[in-house]
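First comes the structure, then the notes that go with it.
Owing to the predicted nature of the structure, the values given are computational and were not obtained by experimental measurement.
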Amino acid sequence: MAGAEPAARDRILAAGRSEFAEPGYDKASIRGIAKGAGVDPALVHHYFGTKDQVFAAAIERAFEPALRAPDMLLAGPHEERLARFFLGIWENPTHREPLLAILRSAVGNEAAAAVFRDLVSSRLVARVAAQLVGIALLRYVIKMRPLADADPEHVIALIAPGVQRLLTGPDPLDTPAAARPTPPRRPHPPRPPAARRPTIGRTPPTTRRAVSHRGKAVRILEGGRTLVRYRTQAPTYAAAYAPRHHQGVSTVPELRSRTVTHGRNMAGARALMRASGVASEDIGKPIVAVANSFTEFVPGHTHLQPVGRIVSEAIKAAGAVPREFNTIAVDDGIAMGHGGMLYSLPSRDLIADSVEYMVEAHCADALICISNCDKITPGMLMAALRLNIPTIFVSGGPMDAGQATLVDGTVRKLDLVNAISDAVNENVSDEDILRIEENACPTCGSCSGMFTANSMNCLAEAIGLALPGNGSVLATHAARKELYERAGSTVVELTRRYYGEGDERVLPRNIATHAAFENAMALDIAMGGSTNTILHLLAAALEAGADYDLSDIDAVSRRVPCLAKVAPNVAPGGTYYMEDVHRAGGIPAILGELYRAGLLNEDVHTVHSAGIKEWLDTWDVRGGSATEEAIELWHAAPGCKRSAEAFSQSERWDTLDTDAANGCIRDAAHAYSADGGLAVLRGNLAPDGCVVKTAGVDESIWTFEGPAVVCESQEEAVDKILGKVIKPGDVVVIRYEGPKGGPGMQEMLYPTSFLKGRGLGKTCALVTDGRFSGGTSGLSIGHASPEAASGGVIALVEDGDLIRIDIPGRTIQLHFSDEELATRRTALLERLGGYRPAARERKVSQALRAYAAMATSADKGAVRDVGLLGG
């Protein structure tokens, strides 16, 4: 590629990283073209204008007829117009090679460069130049990604029709002018009022001409190299997203934001947009809503304030308008063990509603969800599937695992659950408890094990709505910055594909299909994720219309083995944390092992890859073809220092863990167990199902039978555990903690952690219609459905009743006949007048009452059923 240095080309190929990649209309853009092409800037100035306005005018004049239909660049009078635009430059032999250098740099693609080398006709080169640079510069004008990012085959496909016509047919440039079709002229707009006309500047040497484009009057001084504009409506950029029509029928959707950015009747809306900081030239560009869950309450979110700015700047650089807003976030760990936990699950719906409200009220075209912990990712996922506009998820990332040196010199790796369970362990001294407390959570980020937050962020990758590394790159690592930048630029690319090309594959509901949900659950089961993920996937699938239910989850759980055991689950060699999962290749490594075992659906795609094979070929370090970028990403290591700031460290692992037999992530042949990490149980105690995290259960108690100790609330259960009422062999039953009965379905981390702390983790079971934290381990069975408040059998259990649990057989059974249970039901209703706790004092606010009025049981995802309100 003579005339263009490889280094310059490489700079151009790094989309968004050089001034050439997004030139816009300024003088620096022209200098960027010269710099990227390796030619004298004076040549570029000479042929593309000596002022930024002339550069813009030249491009607009060449492209104006085709801006509303970019696919027309390769056909008819538009192609001829572009060809003549560049032919005048080409026919000057002195500057032919610099022009070729500019073309090659603009394309930045060897396949396209080869086409140039094969051409012999100067006019043919000019025609191809018109096509290639026409498309490339059009993308620059509308501030989209350059053609350099295109696949070589795509480049060839773009130019092939024009090249074929030129090689086999007559050159339209040789056709007499009278025989050529004349492009229709558009009427000139009315001249602006005299009082508002801009000053022309210097006196033009030749006649002025006015050009109209989408309500914008452009005054060009033909020979005076001065352009003055008077805008009456949205800028040229919006035209690229205007709905295209074929025989009067729209072929692609129009921007949703046109509702508030176009037309005289929206002058007030545009005035307010300007007041909020949107520049006039940006009105008409796609609007991307940035839903940021930053809050100073939650360590998984405290570092997200600058993340919103980084994402927004990337969106802006890619050619769209970012509009950031915040959602609430409840910290389940802080809310745990008191009435605050009642608000956690209901906050999921509040978050989903708030995202919907903001996007719909302001007519946003696309969405980026910056989430991390507990109910925030599920709530945003529900909103994204409800709205069904181009969306990408990017999380705040997990925190480092903790490490404490105890009084006796023992060094322990820690997480939040250790601080909770050891607090009630009488064998742990007060000084050691203090050291554990101070070191269990050393950095910002979601808690370091495979708890609910990290499970959901990993599942967002598997579903296909997040970029590789989303769930495992540590919150403090500098590598996350590039992840945020890529998310910003990628969502704009998805926006262009949908609104510019009508590509519906980029929409969330076309990504989060039934097959994608199956793959996500296969991942969840393989890595022993939180049981909460079942609750949230069911809710998300309902929003997606994916027809995915608990029976589908049960089917996957019966065929997928356990390939990873991450805290709170304990592997044979010790405890692994999210930083260890990342070192082993992250989520693509687990999916890669499932793929090679034939356990994944292949008819899926993602926001970043056309198919699962392409995705894994690029990112799975165990597949043999991972890119250098992927390998470098998986080397991101913990900083081993306390930090509450994003990007505060850039440590690297010396080596990666690719041991599929004994490492953190196993292959199917060396699985931790043939049964996966989650299971669905059914029986008369839970006819609609309940769930257990088998990865956290010692295999010695996979079958268990014991007498029930009934508790009408989580608080009563805690009192009985700490009061030593619970004995080895008991089955603790906690009821009226479901979505309706709680209300709010609070987590049961305290009872399970206290059982563990009291040394009962391997000798007792716990069954509830509530739910468990991802930090729960032991024989803990949740989501019993129907719940007690809905008349479930769990409401009929009495102290001393024998309950049998059989994980291999997938059953849970109360030792009473249907007739005996019917007798108990009649007696309960006569005694209490309904399904309610016999004795429980709990403050229930109006907000929680509203949630309870519409809540369904856990087997339906605890979603709201507005049909329950009647009407």
Side-chain angles (χ1 to χ4, degrees), residues 292-305 326-351 370-380 395-402 414-424 433-434 436-457 475 530 532 536 567-568 578 642-645 713-715 717-718 722 737 742-754 756-757 770-776 842-843 845 847-848 851:
N292 190 353
S293 53
F294 161 73
T295 172
E296 292 183 332
F297 272 109
V298 190
H301 297 245
T302 54
H303 61 300
L304 296 182
Q305 191 172 41
N326 289 91
T327 68
I328 65 167
V330 172
D331 189 310
D332 281 15
I334 296 175
M336 195 81 65
H338 57 87
M341 179 49 69
L342 299 173
Y343 292 88
S344 176
L345 184 60
S347 75
R348 182 186 69 176
D349 295 278
L350 190 58
I351 291 164
I370 305 174
S371 65
N372 213 23
C373 292
D374 302 314
K375 308 310 158 298
I376 297 86
T377 300
M380 290 184 173
S395 76
M399 67 171 62
D400 293 15
L414 304 164
D415 57 64
L416 172 66
V417 178
N418 296 117
I420 296 174
S421 60
D422 287 351
V424 297
I433 286 296
L434 179 60
I436 291 169
E437 175 188 329
E438 290 176 341
N439 292 281
C441 301
T443 71
C444 58
S446 48
C447 295
S448 54
M450 192 60 76
F451 309 145
T452 303
N454 292 327
S455 297
M456 284 305 303
N457 290 330
S530 165
N532 279 324
H536 301 320
M578 288 306 301
R642 178 165 291 279
S643 175
E645 296 182 5
S713 66
Q714 177 186 203
E715 293 83 357
V718 167
L722 297 182
E737 293 290 10
M745 201 179 186
Q746 60 181 328
E747 290 182 341
M748 304 292 169
L749 181 59
Y750 272 34
T752 58
S753 296
F754 291 165
K756 186 176 181 180
R771 61 192 178 94
F772 296 114
S773 162
T776 290
R842 175 175 292 175
K843 179 182 177 182
S845 70
L848 292 176
Y851 173 81

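- Judged as a salt bridge (Lys or Arg N to Asp or Glu O under 4.0 Å), and not counting sequence neighbours, Asp331 has no contacts.
- Put simply, the side chain of Ser455 reaches to within 4.5 Å of the side chain of Met450, judged on heavy atoms.
- When side chains are defined from C-beta on, Phe297 does not count as touching Ile334, because their heavy atoms never get closer than 4.5 Å.
- How far CE of Met341 is from CD of Gln714: 8.0 Å, rounded to the nearest 0.5 Å.
- Between the side chain of Asn457 and the backbone N or O of Ser395, no donor-acceptor pair lies under 3.5 Å.
- With sequence neighbours left out, Tyr851 forms a ring pair (Phe, Tyr, Trp, His ring centres under 6.0 Å) with no residue at all.
- A donor-acceptor contact shorter than 3.5 Å links the side chain of Arg771 to the backbone of Met745.
- Using a 4.5 Å heavy-atom cutoff, the side chains of Ser344 and Glu747 are not in contact.
- To the nearest 0.5 Å, atoms OG1 (Thr452) and CG (Asp332) are separated by 7.0 Å.
- The closest side-chain heavy-atom distance from Glu645 to Cys444 is not below 4.5 Å.
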Pair Glu438-Arg642, salt bridge (charged side-chain N to carboxylate O under 4.0 Å, His left out): steps then yes or no: CA-CA 10 Å; Glu438 290 176 341; Arg642 178 165 291 279; over 6 Å; no
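- The line from OG1 of Thr377 to CD1 of Ile370 is 11.5 Å long, rounded to the nearest 0.5 Å.
- Looking at Cys373 and Phe451, their side chains never come closer than 4.5 Å, going by heavy atoms from C-beta outward.
- Contact of the Ile328 side chain with the Thr295 side chain is not registered, since no non-hydrogen atoms from C-beta on lie closer than 4.5 Å.
- Under the 4.5 Å side-chain criterion, counting only non-hydrogen atoms from C-beta, Val330 is not in contact with Asp374.
- Contact of the Met380 side chain with the Ser293 side chain is registered, since non-hydrogen atoms from C-beta on lie closer than 4.5 Å.
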- request: Go through Ser446 and Asn454 one step at a time and tell me if the side chain to side chain donor-acceptor pair (under 3.5 Å) criterion holds.
  value: CA-CA 7 Å; Ser446 48; Asn454 292 327; 2.5 Å; yes
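- Between atom OH of residue Tyr343 and atom CD of residue Gln746 there is a gap of 11.5 Å, rounded to the nearest 0.5 Å.
- With hydrogens and angles disregarded, no donor-acceptor distance shorter than 3.5 Å links the side chain of Ser753 to the backbone of Tyr750.
- Listed by chain and residue number, Met399, Asp400, Thr476 satisfy the side chain to side chain contact (heavy atoms under 4.5 Å, CB included) test with Thr443 (two or more places apart in sequence, or in another chain).
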